[in-house]
Structure formats: structure tokens, C-alpha cells
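Computed from a predicted structure; not experimentally measured.
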Amino acid sequence: MKVVKVETNEQLQDAFTIRKKVFVEEQHVPYELEIDEFEDDAAHFVIYDEDQPIGAGRFRFIDGNGKVERICILPAFRGTGAGKRMMNAIEDYAHASEINVLKLNAQTSAIPFYEKLGYHIVSDEFMDAGIPHKTMKKELE
């Protein structure tokens, strides 16, 4: 498995395809909420198994901090370490960009995954696209 920062339109389309499969088809998030006005301002990432895209994520700079968004792995590859590899790549990118604080809005079902990576809850539960979330934060070393 290899995580790449998106550099080509083909890689970006791979990211969108994975996000559509996970968020729109599996979780029933409306497409117009999933692909939003921040796509052009974000750094996108795709994880490949061989040449097959299996996961995606994006990162944005907001108020001097980093925001991790749209982390998703295809169901067949969950539990394989793909999500951790994705997060490590995004954190490395943030650190190289001199960002020391990362935030994300985690679906409540994914909170244990993010806690294992050092994130902690900093908000009450809220709904986003009909799915319960909590904001989480991590300070990079």
C-alpha cells in the first residue's frame, strides 16, 4: 500500500471515486454535500493497493492550523492499516508545512480509530450530513 499526495487529475478522480463509494453510496451522504466548494483549496491524498485506489482523504489549512477531512477506506481494506497509513501521510505533510495542530470532525463510530492515533475529543456531539460527529484535535510533535 502506498499513499500519494494528488498531483494529477487522474489521481484526483481516484480520490473522488473512493469518496463517492464510501460517503455517498455506503453512508448515503448527498453528493452535493460530499464534493464541496473547498476541493480546489485542499491537498488531496489517495492510498493505492498495487494500482487500485482503496482510500482517500484531504487536508486544508484553516486559521494557522490543519484540518483533516474526508478520510475514507473501502470496506474490504478496513482493518488492514490503510487508514493509519493515510493519516500518517497527512500528518507528515502537515508537519512539513509547519502545522503543529490538527483538527478533524470524526464520525462517532470512528472516534476509537482516531484516539489510537493521538487525537482527543474537543466538542460535544453534532450532526453533519445526518451522521453524529465530534471534533477532535492533535498536537504534532
Side-chain angles (χ1 to χ4, degrees), residues 1-49 51-141:
M1 284 184 272
K2 180 181 177 183
V3 179
V4 300
K5 181 181 174 292
V6 168
E7 302 290 343
T8 68
N9 189 55
E10 181 180 356
Q11 291 169 336
L12 183 61
Q13 292 311 310
D14 286 345
F16 289 160
T17 296
I18 297 300
R19 287 170 48 189
K20 182 180 176 207
K21 285 180 182 177
V22 173
F23 294 122
V24 177
E25 295 172 13
E26 180 185 338
Q27 298 183 356
H28 309 291
V29 172
Y31 183 80
E32 57 275 8
L33 294 180
E34 174 51 33
I35 305 300
D36 64 20
E37 68 272 20
F38 302 116
E39 304 301 346
D40 292 339
D41 298 327
H44 297 268
F45 295 82
V46 180
I47 185 166
Y48 292 92
D49 182 45
D51 291 328
Q52 185 72 27
I54 63 165
R58 80 177 187 190
F59 176 85
R60 293 190 298 135
F61 298 99
I62 300 176
D63 299 327
N65 294 321
K67 187 163 184 214
V68 180
E69 302 174 313
R70 307 302 202 267
I71 302 300
C72 57
I73 303 295
L74 292 178
F77 293 92
R78 293 177 193 156
T80 66
K84 183 177 180 181
R85 285 181 188 224
M86 174 67 71
M87 291 299 293
N88 287 342
I90 291 173
E91 289 177 10
D92 289 347
Y93 174 78
H95 189 66
S97 301
E98 300 183 0
I99 296 295
N100 297 317
V101 177
L102 298 180
K103 289 186 177 181
L104 56 82
N105 293 332
Q107 294 182 6
T108 55
S109 61
I111 287 173
F113 167 76
Y114 292 115
E115 286 177 330
K116 288 178 190 170
L117 297 176
Y119 289 80
H120 61 276
I121 296 168
V122 295
S123 79
D124 291 331
E125 187 174 295
F126 61 93
M127 299 299 283
D128 186 6
I131 300 169
H133 287 70
K134 290 186 180 181
T135 300
M136 301 184 80
K137 180 178 174 181
K138 179 179 182 177
E139 293 187 24
L140 300 179
E141 300 176 6

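Residues Phe16 and Ile35 are in side-chain contact: their nearest non-hydrogen atoms beyond the backbone lie under 4.5 Å apart. Using a 4.5 Å cut-off on side-chain heavy atoms (C-beta onward), Leu140 and Val101 make no contact. Using a 4.5 Å cut-off on side-chain heavy atoms (C-beta onward), Arg19 and Val24 make no contact. Contact of the Tyr93 side chain with the Ile99 side chain is not registered, since no non-hydrogen atoms from C-beta on lie closer than 4.5 Å. Looking at Met136 and Ile111, their side chains come closer than 4.5 Å, going by heavy atoms from C-beta outward.
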message: Under the criterion side-chain contact (heavy atoms from CB on, under 4.5 Å), I'd like the reasoning laid out for Leu102 against Asn65: C-alpha separation, chi angles, the key distance, then a yes or no.
response: CA-CA 6 Å; Leu102 298 180; Asn65 294 321; over 6 Å; no

- prompt: Run the side-chain contact (heavy atoms from CB on, under 4.5 Å) check on Ile71 and Leu104 step by step: do they pass?
  reply: CA-CA 10 Å; Ile71 302 300; Leu104 56 82; over 6 Å; no

query: Between Phe45 and Phe59, does a ring pair (Phe, Tyr, Trp, His ring centres under 6.0 Å) hold up when you go through it step by step?
result: CA-CA 8 Å; Phe45 295 82; Phe59 176 85; 7.4 Å; no

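Counting non-hydrogen atoms of other residues, nucleotides and ligands closer than 6.0 Å to NZ of Lys103 gives a total of 12 or fewer. More than 12 heavy atoms of other shown residues, nucleotides or ligands fall within 6.0 angstrom of atom NZ in Lys5.
Here the closest heavy-atom approach between residue Pro53 and residue Val46 is recorded as CB-CG1, 3.9 Å. Among all heavy-atom pairs drawn from Asp41 and Glu37, the shortest one is OD2-O, 4.5 Å. The minimum heavy-atom distance between Cys72 and Ile18, with the atom names listed, is SG-CG2, 3.7 Å.
With rounding to the nearest 0.5 angstrom, the CD1 atom of Ile54 is 12.0 Å from the CG atom of Asp14. Atom OG of Ser97 is separated from atom CG of Asp92 by 10.5 Å, given to the nearest 0.5 angstrom.
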Taking distance alone, no hydrogens or angles, what donor-acceptor pairs closer than 3.5 Å link side-chain atoms of residues 76-88 to residues at least two apart or in another chain?
residue : atom : partner : partner atom : Å
Arg78   : NE   : Ile73   : O            : 2.8
Arg78   : NH1  : Glu26   : OE2          : 2.9
Arg78   : NH2  : Glu26   : OE1          : 2.8
Arg78   : NH2  : Glu26   : OE2          : 3.3
Arg78   : NH2  : Ile73   : O            : 3.0
Thr80   : OG1  : Phe77   : O            : 2.6
Thr80   : OG1  : Ala82   : N            : 3.4
Arg85   : NH1  : Met1    : O            : 2.9
Asn88   : ND2  : Lys84   : O            : 3.4

Donor-acceptor pairs under 3.5 Å, side chain of residues 118-125 to any protein atom, not counting sequence neighbours: which ones?
residue : atom : partner : partner atom : Å
Tyr119  : OH   : Glu91   : OE2          : 2.8
His120  : ND1  : Lys137  : O            : 3.1
Ser123  : OG   : Thr135  : N            : 2.8

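For the pair His44 (side chain) and Glu39 (backbone), a donor-acceptor distance under 3.5 Å is present.
Under the side-chain contact (heavy atoms from CB on, under 4.5 Å) criterion, Gln107 pairs with Phe23, Gln27, Ser109, Ile131, His133, sequence neighbours left out. Listed by chain and number, the residues in a side chain to side chain donor-acceptor pair (under 3.5 Å) with Lys67 are Glu69 (sequence neighbours excluded). Checked against side-chain contact (heavy atoms from CB on, under 4.5 Å), Glu25 has the following partners two or more places apart in sequence or in another chain: Lys20, Lys21. For Asp36, the side chain to side chain donor-acceptor pair (under 3.5 Å) partners at least two apart in sequence or on another chain are Arg58, Arg70.
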